[in-house]
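Only heavy atoms go into these numbers, but all of them, side chains included; no hydrogens, no water, no symmetry mates. Indexing begins at 1, ligand by ligand and atom by atom, following the structure's order. The model shown is predicted, which means the values in this text are computed figures rather than measured ones.
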Amino acid sequence: MREFDAIIIGAGQAGPTLAGRLTGAGMTVAFVERKFFGGTCVNTGCTPTKTLVASAYAAHLARRAADFGVLLDGPVRVDMKRVKARADAIVTEWRAGIERRLREMKGCTVIEGQARFEGPQRVRVGDELLAAPRVFINVGGRASVPDMPGVHEVPFLNNRSMLELDQLPEHLIVVGGSYVGLEFAQMYRRFGAEVTVVEKSPRLIAREDEETSAAIREILIDEGIDVRTGAECISLAPHEQGVQVGINCEDGEPTSVGSHVLLAVGRRPNTDDLGLDAAGVETDERGYIKVDDGLATNVPGIWALGDCNGRGAFTHTAYNDFEIVAANLLDGESRRVSERVLGYALYIDPPLGRAGITEREARLTGRPLLVGKRAMSSVSRAIEKGETKGFMKIVVDAETRKILGAAILGMSGDEAIHGVLDIMHAGVTYEVLQQTMPIHPTVSELIPTMLSEMRPVE
Ligand SMILES: Cc1cc2nc3c(=O)[nH]c(=O)nc-3n(C[C@H](O)[C@H](O)[C@H](O)COP(=O)(O)OP(=O)(O)OC[C@H]3O[C@@H](n4cnc5c(N)ncnc54)[C@H](O)[C@@H]3O)c2cc1C
């Protein structure tokens, strides 16, 4: 048995930086990773998809070149092998960098393999038994396979296998109209595939406000994507041209035949093969590790960070988990998960940047509200760049005058939302943001204008 001061399981978005802080504080760390250093984000999530989104944007802009007075001779063609090679190169560099950093880290011992608890302070990796008074679980999640009729009778793709494609599917059917599915849907449409999105809910990206869902649907339909919502009974069956997807919508064809099917219907935590029972670590009914506000599990000396604790589903929430745990353990602070302001983005084009709660959620609180809204077509920067789709919206508590949430669906929405996030984090009233002097011409400059036109919600 090898003894360490700490064991970290999973080289995702929290583990590697945590190893840096722990070894920096003089601790010895055993670092266990079973597959790719960098986890989901670097290998099969954010990095490759946003790289592909960039290629898709280039194709889209090239098709629109004449709108800007730029003439291209001949049709725009997409070389999928080169598109994939570009994404692979960026992923490989990031992955290698993280692995190198860990292997060169003084005090850190990298062990490759599947980690499994054998007791609260004991973890087995193959033939090796590791022991430490502190164990940090950062095992992330994977695409879930839905319990859909026919799912095991057809070949289907997930976020990982989609990235292995280096040829254009003739017709890609995306089952799941939420964050992961919509990004793939739009990029493959822009690469030149026929694309159908099949979503069970009555609207896309159903956790957002209705007007956000409607605007996103319009953006996708405008690009020629077939959007089929309200698909009550989705089923899959082999077909000579690929896969037949049963949709059973209220209107439209009852089935659609695709050459390829992507299942993007949610994710599940990698906690089922971790031996958590042997350590006594509790999970909820969906397998997420239960943690307190400082990310400690029910077992003293064991923490869970990132997607596996169910307190966030993003790279930045996983990284923020690291910051909270490190600050509390090493810096004598008492930071809490409940103090963070949620923000995230959907990287279709134009992107959706989000902060805090939606208007619908704000209404459910019963609090008196003020709401401001502006169309992107009134943003001069958007007009100048010829990208005027979308809108921005902000919701304020009329009594405390603090911002409760915001959505910016439009060009640079993923960046402009940070002004709102910062103000929310600072805990000051919306007037502080309203009184800033923003730079012209930017998308952000319309936020103070919008804030000066707030209207009470009936
Ligand atoms: C297609 C897609 C696009 C995304 N885009 C974005 C985006 O744009 N922005 C964003 O913020 N988020 C995005 N996400 C979500 C983001 O990838 C995750 O939230 C993030 O990676 C979670 O990080 P993590 O550290 O919790 O786990 P992960 O990154 O999943 O890392 C977990 C690591 O643990 C390892 N592991 C698991 N079990 C064991 C074990 N028993 N023993 C040893 N090692 C183990 C795994 O191999 C993996 O390396 C995207 C996700 C997907 C699928």
Side-chain angles (χ1 to χ4, degrees), residues 7-18 30-54 87 91 94-95 98-99 102 110-117 123-126 128 130 135-144 157-163 174 176 178-185 187 262-276 279 287-289 291 295 303-322 325 342-348 351-354 414:
I7 299 170
I8 299 177
I9 307 173
Q13 312 314 307
T17 32
L18 181 62
F31 202 112
V32 191
E33 170 53 54
R34 70 177 176 192
K35 203 167 167 75
F36 295 134
F37 290 81
T40 307
C41 181
V42 167
N43 295 287
T44 58
C46 337
T47 307
T49 54
K50 268 79 256 184
T51 308
L52 295 171
V53 163
V91 166
W94 274 105
R95 180 196 303 159
I98 292 167
E99 179 170 358
L102 284 170
V110 173
I111 301 160
E112 288 188 72
Q114 166 82 27
R116 198 182 294 271
F117 281 93
V123 173
R124 176 168 294 284
V125 186
E128 289 216 68
L130 315 172
V135 184
F136 303 92
I137 308 171
N138 179 215
V139 292
R142 60 185 185 274
S144 48
L157 297 156
N158 60 21
N159 65 291
R160 180 185 293 270
S161 48
M162 275 302 287
L163 301 169
V174 178
S178 202
Y179 308 89
V180 171
L182 296 186
E183 290 180 9
F184 277 115
M187 81 171 77
L262 163 64
L263 297 183
V265 291
R267 296 183 63 77
R268 54 179 293 194
N270 290 327
T271 52
D272 46 345
D273 52 4
L274 198 51
L276 288 175
Y288 289 99
I289 298 172
V291 287
L295 301 165
W303 290 259
L305 302 84
D307 282 11
C308 69
N309 65 25
R311 303 289 292 265
F314 302 99
T315 285
H316 45 278
T317 47
Y319 189 81
N320 187 243
D321 285 359
F322 142 69
V325 168
L342 182 64
Y344 55 87
L346 163 69
Y347 291 91
I348 58 162
L352 169 69
R354 282 273 296 107
D414 53 329

Fill in: Location of contacts on K50 toward ligand 1, heavy atoms closer than 4.0 Å
side chain

Worksheet entry | Per-atom contacts, ligand 1 versus G306 - under 4.0 Å to a heavy atom | 26 (O)

Fill in: Residue list, ring pair (Phe, Tyr, Trp, His ring centres under 6.0 Å) with F314, at least two apart or on another chain
H316, Y344

Response to the item:
Among K35, H316, E33, closest by heavy atom to atom 46 (C) of ligand 1 is E33

Discussion item. When you compare ligand 1 with A318, is there at least one nitrogen or oxygen pair between them that comes in under 3.5 angstrom?
Written reply: no

Item to complete: Under 4.0 Å, heavy atoms only, figure out whether ligand 1 is touched by the backbone of E183, its side chain, both or neither.
Response: neither

Worksheet item: Between T317 and ligand 1, which residue portion shows a heavy-atom distance shorter than 4.0 Å: side chain, backbone, both, or neither?
Response: neither

Worksheet item: Starting from atom 31 (O) of ligand 1, which protein heavy atom do you reach first, and at what distance in Å?
Response: G12 CA, 3.2 Å

Worksheet, complete the sentence: Near N159 (heavy-atom distance under 4.0 Å), the atoms of ligand 1 are 1 (C), 53 (C)

Worksheet item: Which protein heavy atom lies closest to atom 29 (O) of ligand 1, and at what distance to 0.1 Å?
Response: T40 N, 2.9 Å

Worksheet, complete the sentence: Logged contact type for A313 with ligand 1, heavy-atom cut-off 4.0 Å, is backbone

Worksheet item: Considering only heavy atoms, does D307 approach ligand 1 within less than 4.0 Å through its side chain, its backbone, both, or neither?
Response: both

Worksheet item: Non-hydrogen atoms of D321 versus ligand 1: any pair closer than 4.0 Å?
Response: no

Discussion item. Does only the side chain of L274 get under 4.0 Å from ligand 1, or the backbone, or both, or neither? Count heavy atoms.
Written reply: side chain

Worksheet item: Identify the closest protein heavy atom to atom 23 (O) of ligand 1: which residue and atom is it, and at what distance?
Response: Q13 CG, 3.2 Å

Worksheet, complete the sentence: atom 21 (O) of ligand 1 sits nearest the protein heavy atom C41 N, 3.2 Å

Worksheet item: What residue and heavy atom of the protein are closest to atom 6 (C) of ligand 1, and at what distance?
Response: C46 SG, 3.4 Å

Worksheet item: Within less than 4.0 angstrom of ligand 1, does G113 place any heavy atom?
Response: yes

Practice prompt. Just jot down the side-chain contact (heavy atoms from CB on, under 4.5 Å) partners of Y319, sequence neighbours excluded, or say none.
Written response: T17, F322, E323

Item to complete: For ligand 1, indicate whether the residue V139 contacts it via side chain, backbone, both or neither (heavy-atom separation under 4.0 Å).
Response: both

Discussion item. Measuring from non-hydrogen atoms of R142 to any atom of ligand 1, is the shortest distance under 4.0 Å?
Written reply: no

Item to complete: Could you tell me whether Y347 approaches ligand 1 through its side chain, its backbone, both or neither, with non-hydrogen atoms closer than 4.0 Å?
Response: side chain

Discussion item. Using a 4.0 Å cut-off to any heavy atom of G140, which atoms of ligand 1 qualify?
Written reply: 26 (O), 27 (O), 28 (P), 30 (O), 32 (C)

Practice prompt. May I ask you to identify the nearest protein heavy atom to atom 11 (O) of ligand 1, giving residue, atom name and distance to one decimal place in Å?
Written response: T315 N, 2.9 Å

